[in-house]
Engineer: 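Below is a structure I'd like to ask you about.
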Amino acid sequence: MAVTSRKVFLTSNVLFAFVNRASPKYPQAAAYFRYFAQEKYQVYTDYLSVTDAYRQIFIKISPTLARDFLRGVSLSSINVLYPTESDTKAALKTLITYRNAELDFNQSQVAVLAQRNNINHICTFEYLHPLFGLTSFNLPT
């Protein structure tokens with residue numbers, strides 16, 4: 001019997017939807033977080049995703065809630081990954097050599113950090129480019 005990985009990477013759109021209760025994606029984001037807690041997942045995100053979610057919350061909701069979001073991330077068990085110089089170079093190389101022009105730098109950085117930290121599932125509401133064999137996380141039915 002294969003052991004499934006208990007690691008998942010959160011993108012900024014999931015973080016923002018979880019904070020923004022007016023978002024149509026809020027119920028799904030809340031279900032993700034509930035499931036991760038119940039099943040004892042190791043939850044990861046990266047510095048770029050945190051700053052992007054912070055910026056969205058600051059602009060679209062309120063600066064006070066954006067600050068509370070950062071406080072919550074710092075007190076939570078979410079592991080924030082910080083790219084090294086080699087991670088950034090690998091993301092740039094991936095971005096330059098990938099044939100699909102829709103791949104952006106943030107997506108490339110997420111793929112590199114996930115691959116280097118043995119994280120196979122990305123929790124996102126966006127299209128996930130099939131880099132390094134990564135797959136979108138879906139709740140079991």
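Just the heavy atoms: all of them, side chains too, but no hydrogens, waters or symmetry mates, feed the values below.
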Engineer: Does a side chain donor of either Ser86 or Arg116 reach within less than 3.5 Å of an acceptor in the other side chain?
Structural biologist: yes
Engineer: Measuring only between side-chain heavy atoms, which start at C-beta, is Leu10 closer than 4.5 Å to Phe36?
Structural biologist: yes
Engineer: Apply the test side chain to side chain contact (heavy atoms under 4.5 Å, CB included) to residues Val8 and Ile122: give CA-CA distance (whole Å), side-chain angles for both, the deciding distance (0.1 Å), then the verdict.
Structural biologist: CA-CA 6 Å; Val8 67; Ile122 309 294; over 6 Å; no
Engineer: Minimum heavy-atom separation for Tyr44 and Ile78, please, with both atom names.
Structural biologist: C-CG2, 4.4 Å
Engineer: Are the ring centres of Phe18 and Phe33 closer than 6.0 Å?
Structural biologist: yes
Engineer: Quick check: are there more than 12 heavy atoms from other residues, nucleotides or ligands sitting under 6.0 Å from CZ of Phe58?
Structural biologist: no
Engineer: Could you please spell out the steps behind the side chain to side chain contact (heavy atoms under 4.5 Å, CB included) verdict for Leu81 and Ile119?
Structural biologist: CA-CA 12 Å; Leu81 302 175; Ile119 304 167; 4.2 Å; yes
Engineer: What pair of heavy atoms forms the shortest contact from Thr135 to His121, and how long is it?
Structural biologist: OG1-ND1, 3.0 Å
Engineer: Does a donor on one side chain sit under 3.5 Å from an acceptor on the other, for Thr64 and Ser62?
Structural biologist: no
Engineer: Is there a path of hydrophobic side-chain contacts, each under 4.5 Å between heavy atoms, that joins Tyr127 and Tyr32?
Structural biologist: no
Engineer: Compare every heavy atom of Ala91 with every heavy atom of Phe105, then report the nearest pair and how far apart it is.
Structural biologist: CE1-CB, 3.9 Å
Engineer: Within 45 degrees of the ring normal and closer than 6.0 Å to the centroid, is that where the cationic atom of Lys60 sits relative to Phe16?
Structural biologist: yes
Engineer: Are Arg6 and Lys40 close enough, and set up right, to give a side chain to side chain contact (heavy atoms under 4.5 Å, CB included), and what steps lead you there?
Structural biologist: CA-CA 7 Å; Arg6 295 280 183 187; Lys40 298 179 176 37; over 6 Å; no
Engineer: Is any side-chain heavy atom of Val50 closer than 4.5 Å to one of Leu70?
Structural biologist: yes
Engineer: Can you tell me how far OG of Ser12 sits from CG of Leu48, rounded to the nearest 0.5 angstrom?
Structural biologist: 9.0 Å
Engineer: Does a side-chain heavy-atom distance below 4.5 Å link Ser49 with Asp52?
Structural biologist: no
Engineer: Of all the heavy-atom pairs spanning Gln107 and Glu102, show the shortest one and how long it is.
Structural biologist: OE1-O, 3.6 Å
Engineer: Would you mind reporting whether Arg55 and Thr51 have side-chain heavy atoms less than 4.5 Å apart?
Structural biologist: no
Engineer: For a side chain to side chain contact (heavy atoms under 4.5 Å, CB included) check, start with the C-alpha distance between Val73 and Val80, then their side-chain angles and the critical distance, and finish with the verdict.
Structural biologist: CA-CA 9 Å; Val73 169; Val80 179; 4.0 Å; yes
Engineer: So, taking the atom named NZ in Lys7 and the one named CG in Asn118, what distance separates them when rounded to the nearest 0.5 Å?
Structural biologist: 5.0 Å
Engineer: Considering non-hydrogen atoms only, spot the tightest contact between Cys123 and Val14 and give its length.
Structural biologist: O-CG2, 3.3 Å
Engineer: First locate atom CG of Asn117, then atom CG of Asn79, and finally report the distance between them rounded to the nearest 0.5 Å.
Structural biologist: 9.0 Å
Engineer: Report the relative orientation of the aromatic rings in Tyr47 and Tyr82; use parallel for angles under 30°, tilted for 30 to 60°, perpendicular for over 60°.
Structural biologist: tilted
Engineer: Check for a donor-acceptor pair, side chain of Asp87 on one end and backbone N or O of Thr84 on the other, with a separation under 3.5 Å.
Structural biologist: yes
Engineer: Check for a donor-acceptor pair, side chain of Asn13 on one end and backbone N or O of Phe125 on the other, with a separation under 3.5 Å.
Structural biologist: yes
Engineer: At what distance, to the nearest 0.5 angstrom, does CD1 of Ile61 lie from CZ of Phe69?
Structural biologist: 10.5 Å
Engineer: Measure across Thr94 and Ser108 and return the closest heavy-atom pair with its distance rounded to 0.1 Å.
Structural biologist: CB-OG, 3.5 Å
Engineer: Just verifying a value: how many Å separate Leu103 CG and Ile96 CD1, rounded to the nearest 0.5 Å?
Structural biologist: 11.0 Å
Engineer: Check whether any side-chain heavy atom of Thr88 lies under 4.5 Å from a side-chain heavy atom of Pro83, and answer yes or no.
Structural biologist: yes
Engineer: Would Phe9 and Phe137 count as a close aromatic pair, with their ring centres under 6.0 Å?
Structural biologist: no
